[in-house]
Amino acid sequence: MNNNEFSQMVYNLVAKIPYGRVTTYGLIALMLGFPQNARQVGQALHNAPQYLDLPCHRVVNHSGKLAPFWPEQRQLLENEGVHFNSFGNVDMNVIMPWIQQNSTQ
DNA sequence: AGGTTGACTCACC
DNA sequence: TGGTGAGCCAACC
């Protein structure tokens, strides 16, 4: 288990986020079995190569705040029908583990 | 080796 | 709701 594999797992999981659904770094880390590595999830996404076409705009922090340095992220999510509250954060009701309903595959 | 930083999270207040 | 401090772990001087 090296760091490259961890990133690989992150990419694999992020790629499965359904349209219009949002999750958090900590949740991803949790599903991967590394609840302490939420920050590494962020780093992995930060370093994610663009050719992977990851929907990393669907990943926010636990308070629903979007990634810094990336103003367009909000617009991308709104295009998918993700509801934002008056604080400019993602509504918490779309932040949840979606792995269950995906498990048929 | 030691200090700082960060696309994080939680407990407290 | 929001600020702060403390854990946390990997990356970068």
Side-chain angles (χ1 to χ4, degrees):
Chain A
M1 182 53 176
N2 55 42
N3 179 271
N4 200 322
E5 289 181 66
F6 179 80
S7 301
Q8 208 66 21
M9 294 168 71
V10 172
Y11 301 153
N12 188 44
L13 198 51
V14 170
K16 289 183 179 175
I17 303 178
Y19 184 96
R21 195 61 69 84
V22 173
T23 190
T24 74
Y25 303 98
L27 220 38
I28 292 175
L30 184 67
M31 291 187 237
L32 263 50
F34 302 91
Q36 317 299 116
N37 288 38
R39 315 188 76 136
Q40 277 55 250
V41 173
Q43 285 198 30
L45 289 183
H46 183 71
N47 296 321
Q50 293 195 346
Y51 62 80
L52 289 179
D53 276 327
L54 293 178
C56 47
H57 58 277
R58 302 191 185 128
V59 183
V60 299
N61 69 18
H62 82 112
S63 61
K65 276 183 70 68
L66 308 182
F69 323 118
W70 195 15
E72 333 163 9
Q73 184 179 15
R74 171 174 179 154
Q75 190 59 54
L76 288 172
L77 289 173
E78 285 184 332
N79 288 344
E80 299 190 359
V82 175
H83 175 64
F84 281 74
N85 62 24
S86 50
F87 301 97
N89 298 337
V90 176
D91 205 343
M92 293 303 278
N93 63 12
V94 298
I95 303 179
M96 56 175 71
W98 31 260
I99 198 71
Q100 298 254 359
Q101 60 195 34
N102 244 38
S103 59
T104 55
Q105 315 180 5

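We name chains A, B, ... by the order of the sequence lines, and we start the count at 1 in each one.
- Put simply, CG on A/L27 is 9 Å from P on B/dT9, counting in whole angstrom units.
- A/N47 is not listed as a side-chain neighbour of A/S7, based on a closest heavy-atom distance of 4.5 Å or more.
- With C1' as the reference atom, B/dG6 and C/dC8 are 12 Å apart, rounded to whole Å.
- Residue contacts shown for A/F87 are limited to sugar-phosphate atoms, with no base heavy atom under 4.0 Å away.
- Within 4.0 Å (heavy atoms only), A/T24 reaches sugar-phosphate atoms of the nucleic acid but no base atom.
- Other residues, nucleotides and ligands contribute more than 12 heavy atoms inside 6.0 Å of the CD atom of A/E5.
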- Query: Going through the distances and angles, do A/Q75 and A/N79 end up as a side-chain hydrogen bond (donor to acceptor under 3.5 Å, both in side chains)?
  - Reply: CA-CA 6 Å; A/Q75 190 59 54; A/N79 288 344; 3.2 Å; yes
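- Ion pairing between A/R21 and A/E80 fails under the 4.0 Å rule for side-chain N and carboxylate O.
- With rounding to whole Å, A/F34 atom CZ is found 17 Å from B/dT9 atom P.
- Interface residues of residues 35-54 of chain A facing DNA chain C, ordered by number: A/Q36, A/N37, A/R39, A/Q40, A/Q43; criterion, heavy-atom separation under 4.0 Å.
- Computed from coordinates, the A/N85 CG to C/dT1 C1' distance equals 11 Å when rounded to whole Å.
- Straight-line distance from the CD1 atom of A/I28 to the C1' atom of C/dC8: 17 Å, rounded to whole Å.
- Between the CG atom of A/N89 and the C1' atom of B/dA7 there is a distance of 14 Å, rounded to whole Å.
- B/dC10 atom P lies 10 Å from atom CG of A/N61, rounded to whole Å.
- One hydrophobic cluster holds both A/I17 and A/L32 under the rule that ILVMFWY side chains link at heavy-atom gaps under 4.5 Å.
- A donor-acceptor contact shorter than 3.5 Å is absent between the side chain of A/Y11 and the backbone of A/P49.
- For the pair A/M9 CE and C/dA10 C1', the computed distance is 16 Å after rounding to whole Å.
- Rounded to a whole angstrom, the distance from the P atom of B/dA7 to that of C/dG7 is 22 Å.
- A/N37 places no side-chain N or O within 3.5 Å of a backbone atom of A/Q40 that could act as its donor or acceptor partner.
- Note: CG (A/N4) to C1' (C/dA11) measures 15 Å, nearest angstrom.
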